[in-house]
Amino acid sequence: MNNYRPTIGIEIHLELKTNAKVFSLSSNDYNSMANTNINEIDMGYPGVLPTFNDGVLRSAIKACLGLNMNISEVMHFDRKNYYYPDLPKGYQITQFDTPIGRDGFVDIYVGDDIKRIGVSDIHIEEDTCKSLHYNGKTLLNYNRSGVPLIEIVSCPDMHSKEEAMAYAEAIREIMFYLEVSDCKIEEGSMRCDVNISVSDSDKLGVRSEIKNIGSISNIGDAIDYEIERQINAIKNGETLFEDTRRFDSSNNSTVFMRRKEPNKDYRYFPEPDIPYLYLSRDTIMEEESSLVKLPSERRKDYLDKGISSINVSKIISNKDLSDFLESVLSLDIDFKVASNILTGDIASYLNKNNISIFDTKFDNSKFVSIVNALSKKEISSKIFKDILPSIMKEDLDIDKLIDENKQVDNKDEALKIVLDVIENYPDSVNDYRNGKENAIKFLMGMVMKNSKGKINPSLAMEILRDNLNK
């Protein structure tokens with residue numbers, strides 16, 4: 001298998017976060033009751049005229065900037081002609097000759113390595129209806145007809161499932177941070193088509209396209225299966241042909257759908273009802289000035305601050321937590337501690353209550369005070385967990401709260417608590433002295449409980465061991 005080299009490219013379709021559809025004033029809300037966000041344009045009535053949505057253009061410009069692309073300052077739309085039940089007009093309005101973006105790239109992390117993946121082009125286009133198959137009939141939901149899409153086409157620069165998954169995740173992160181799309185791949189607002197070929201020479205192999213893969217993990221599973229399928233076919237002397245397949249998540253396999261027709265003629269021609277678009281440099285610069293700090297920049301800054309790569313990934317995956325961390329990034333605090341509590345107790349509290357950190361009373365000053373108190377071991381992690389709900393819900397004097405919950409570092413006070421535990425739990429003391437090392441964990445737990453978590457754990461363990469070994 002090591003003699004075979006896979007080559008992978010990915011086409012990503014993203015539904016854009018605009019108020020209206022791309023060529024009509026219908027609401028861009030696919031999740032409403034079926035066939036409620038529609039008008040004559042969406043349904044393909046004859047004689048209706050599309051009107052291009054400026055918000056779609058600006059979102060597409062942001063996407064191009066986020067992927068380091070050359071932006072076309074003159075462009076037009078084309079008609080892609082084909083007949084299918086979910087395409088009411090008999091053609092799709094898209095960009096063929098003049099995509100809005102060309103020749104970009106995105107840097108991905110694969111383990112500790114960084115690899116640059118080329119992005120060939122970005123097209124603006126309209127989505128089709130949603131087909132629903134029920135009792136042997138096909139129903140159409142026109143809410144999705146005309147929803148604005150961008151198609152992001154990679155170069156065939158990936159050669160493993162790890163690279164492909166990292167690329168898809170990088171695109172998802174960038175577009176989510178730029179608020180171009182909500183990128184909910186499980187709900188269909190981000191759809192991935194993966195092209196795979198395998199070869200044992202410098203020439204590219206025969207390509208198979210796996211359509212509409214529904215999660216990033218499924219991208220990896222589909223690639224694993226398809227690489228093995230193609231290698232086995234080559235070894236068995238079978239003739240491969242270009243085909244379109246789908247991914248079956250029930251058994252992690254790809255399933256044949258149809259052969260690819262050579263030189264399929266979509267009869268592209270310029271859309272006659274939409275004039276050419278002329279972008280000014282001012283428009284592009286206006287969108288560029290509004291860009292937020294992108295995940296790749298944040299990841300580098302966080303790693304430079306000494307945050308572990310695992311915590312960096314967790315923070316980047318939650319934009320609100322990342323934005324919160326950005327607000328204190330220039331301060332002199334212990335970022336290892338900061339990242340640990342952000343991805344630990346704070347994230348757990350927010351997830352449990354289904355809220356954003358910006359919906360709480362936990363502001364920058366409280367965060368800095370808590371991080372400093374934990375770094376200096378003025379409070380324990382248990383104390384922090386106990387007081388966290390109050391910090392989140394109430395306007396408190398954080399310094400006073402920390403002072404009231406400071407760890408016990410006084411040896412005499414700690415000794416008193418330890419001796420009380422030893423006196424009250426003689427059976428566990430005897431177990432420890434008879435060689436049952438785990439007994440000390442119970443005793444230590446009771447020390448922490450009796451001190452309400454305030455005793456310094458290191459000091460308590462030292463005193464506890466000294467007195468048990470007497």
Side-chain angles (χ1 to χ4, degrees), residues 107 109 111-112 114 169-170 172-174 176-177 291-409 448 452-459:
D107 290 332
Y109 286 78
D112 294 330
I114 300 175
E169 180 61 29
R172 191 198 69 81
E173 287 178 351
I174 292 168
F176 183 76
Y177 271 70
L291 294 184
V292 299
K293 186 176 177 182
L294 293 177
S296 56
E297 300 172 76
R298 298 184 189 216
R299 182 173 274 107
K300 181 180 183 303
D301 287 346
Y302 299 167
L303 291 171
D304 288 345
K305 292 290 185 181
I307 299 175
S308 70
S309 58
I310 293 174
N311 279 355
V312 168
S313 295
K314 289 179 180 178
I315 293 169
I316 293 291
S317 70
N318 186 320
K319 184 173 182 293
D320 284 349
L321 288 186
S322 180
D323 287 344
F324 186 84
L325 184 61
E326 285 292 314
S327 67
V328 298
L329 204 62
S330 62
L331 303 180
D332 184 18
I333 60 174
D334 187 331
F335 283 95
K336 289 183 180 179
V337 172
S339 65
N340 284 338
I341 65 172
L342 267 182
T343 58
D345 290 329
I346 291 175
S348 177
Y349 176 89
L350 297 173
N351 291 336
K352 181 179 178 182
N353 293 279
N354 195 27
I355 55 175
S356 163
I357 194 168
F358 297 113
D359 296 327
T360 71
K361 303 288 186 180
F362 196 61
D363 57 21
N364 296 359
S365 62
K366 287 182 180 178
F367 183 63
V368 170
S369 295
I370 287 293
V371 170
N372 289 337
L374 286 166
S375 300
K376 297 173 184 175
K377 302 190 184 303
E378 293 176 346
I379 62 171
S380 65
S381 56
K382 182 184 183 306
I383 287 292
F384 170 62
K385 187 172 184 175
D386 290 342
I387 64 176
L388 181 59
S390 298
I391 298 173
M392 289 289 189
K393 295 175 185 175
E394 303 171 31
D395 286 315
L396 300 171
D397 184 333
I398 191 68
D399 293 327
K400 180 180 178 183
L401 186 64
I402 290 171
D403 193 57
E404 291 171 350
N405 289 277
K406 278 188 176 179
Q407 288 192 138
V408 175
D409 282 314
M448 297 307 296
K452 298 181 179 179
K454 293 183 180 180
I455 193 169
N456 184 316
S458 299
L459 177 63

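All figures in this text were calculated on a predicted structure; none of them were measured in a lab. The figures that follow rest on heavy atoms only: side chains count, while hydrogens, waters and symmetry mates do not.
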*Counting heavy atoms not belonging to Asp304, are there more than 12 under 6.0 Å from its CG?*
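More than 12 within 6.0 Å, yes.
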*Residue Asn354 excluded, over 12 heavy atoms near CG under 6.0 Å*: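 No, the 6.0 Å shell around CG holds no more than 12 heavy atoms from other groups.
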*Ile355: partners by side-chain contact (heavy atoms from CB on, under 4.5 Å), with sequence neighbours left out*: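 Partners of Ile355 by the side-chain contact (heavy atoms from CB on, under 4.5 Å) criterion, ordered by chain and then number, come out as Tyr349, Leu350, Asn353, Asp359, Thr360.
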_If the condition is side-chain contact (heavy atoms from CB on, under 4.5 Å), which residues does Lys314 pass it with, not counting sequence neighbours?_
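Testing Lys314 for side-chain contact (heavy atoms from CB on, under 4.5 Å), a comparison that skips the adjacent residues, returns Ile310, Asn311, Thr343.
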Which atom pair, heavy atoms only, marks the closest approach of [X] to [Y]?
| X | Y | result |
| --- | --- | --- |
| Val328 | Phe335 | O-CZ, 3.5 Å |
| Ser375 | Val337 | OG-CG2, 3.7 Å |
| Asp320 | Ser356 | OD2-OG, 2.8 Å |
| Met392 | Ile346 | CE-CG2, 3.8 Å |
| Lys293 | Tyr177 | O-CD2, 4.0 Å |

Can [X] and [Y] be counted as an ion pair, charged N to O under 4.0 angstrom?
| X | Y | value |
| --- | --- | --- |
| Lys305 | Asp301 | no |
| Arg172 | Glu169 | yes |
| Lys376 | Asp334 | no |
| Glu173 | Arg298 | no |

*Do Lys319 side-chain atoms and Phe176 backbone N/O form a donor-acceptor pair below 3.5 Å?*
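Side chain of Lys319 to backbone of Phe176: no pair is present.
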Would you indicate whether the side-chain heavy atoms of [Y] and [X] approach each other to under 4.5 Å?
| X | Y | result |
| --- | --- | --- |
| Asn372 | Glu378 | no |
| Asp107 | Ser296 | no |
| Ile402 | Ile383 | no |

*Parallel, tilted or perpendicular: which describes the rings of Phe324 and Phe367, with under 30° parallel and over 60° perpendicular?*
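Because their plane-to-plane angle is over 60°, the rings of Phe324 and Phe367 count as perpendicular.
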Calculate, to the nearest 0.5 Å, the distance between atoms [atom1] and [atom2] belonging to [X] and [Y] respectively.
| X | Y | atom1 | atom2 | answer |
| --- | --- | --- | --- | --- |
| Glu326 | Ile315 | CD | CD1 | 10.0 Å |
| Ser381 | Ile341 | OG | CD1 | 10.5 Å |
| Ile391 | Ile370 | CD1 | CD1 | 4.0 Å |
| Arg299 | Ser313 | CZ | OG | 5.0 Å |

*Run the numbers on Lys300 and Leu303 for side chain to side chain contact (heavy atoms under 4.5 Å, CB included), then give the verdict.*
CA-CA 5 Å; Lys300 181 180 183 303; Leu303 291 171; 5.9 Å; no
_Result of checking Asn364, Ile333, Ile398, Leu374 against Ser369 for side-chain contact (heavy atoms from CB on, under 4.5 Å)_ =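 Going through Asn364, Ile333, Ile398, Leu374 one by one, the side-chain contact (heavy atoms from CB on, under 4.5 Å) with Ser369 is satisfied by Ile398 alone.
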_Sole candidate of Ser339, Ser322, Ser308 that passes side-chain hydrogen bond (donor to acceptor under 3.5 Å, both in side chains) when paired with Tyr302_ =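 Testing each of Ser339, Ser322, Ser308 against Tyr302, the sole residue satisfying side-chain hydrogen bond (donor to acceptor under 3.5 Å, both in side chains) is Ser322.
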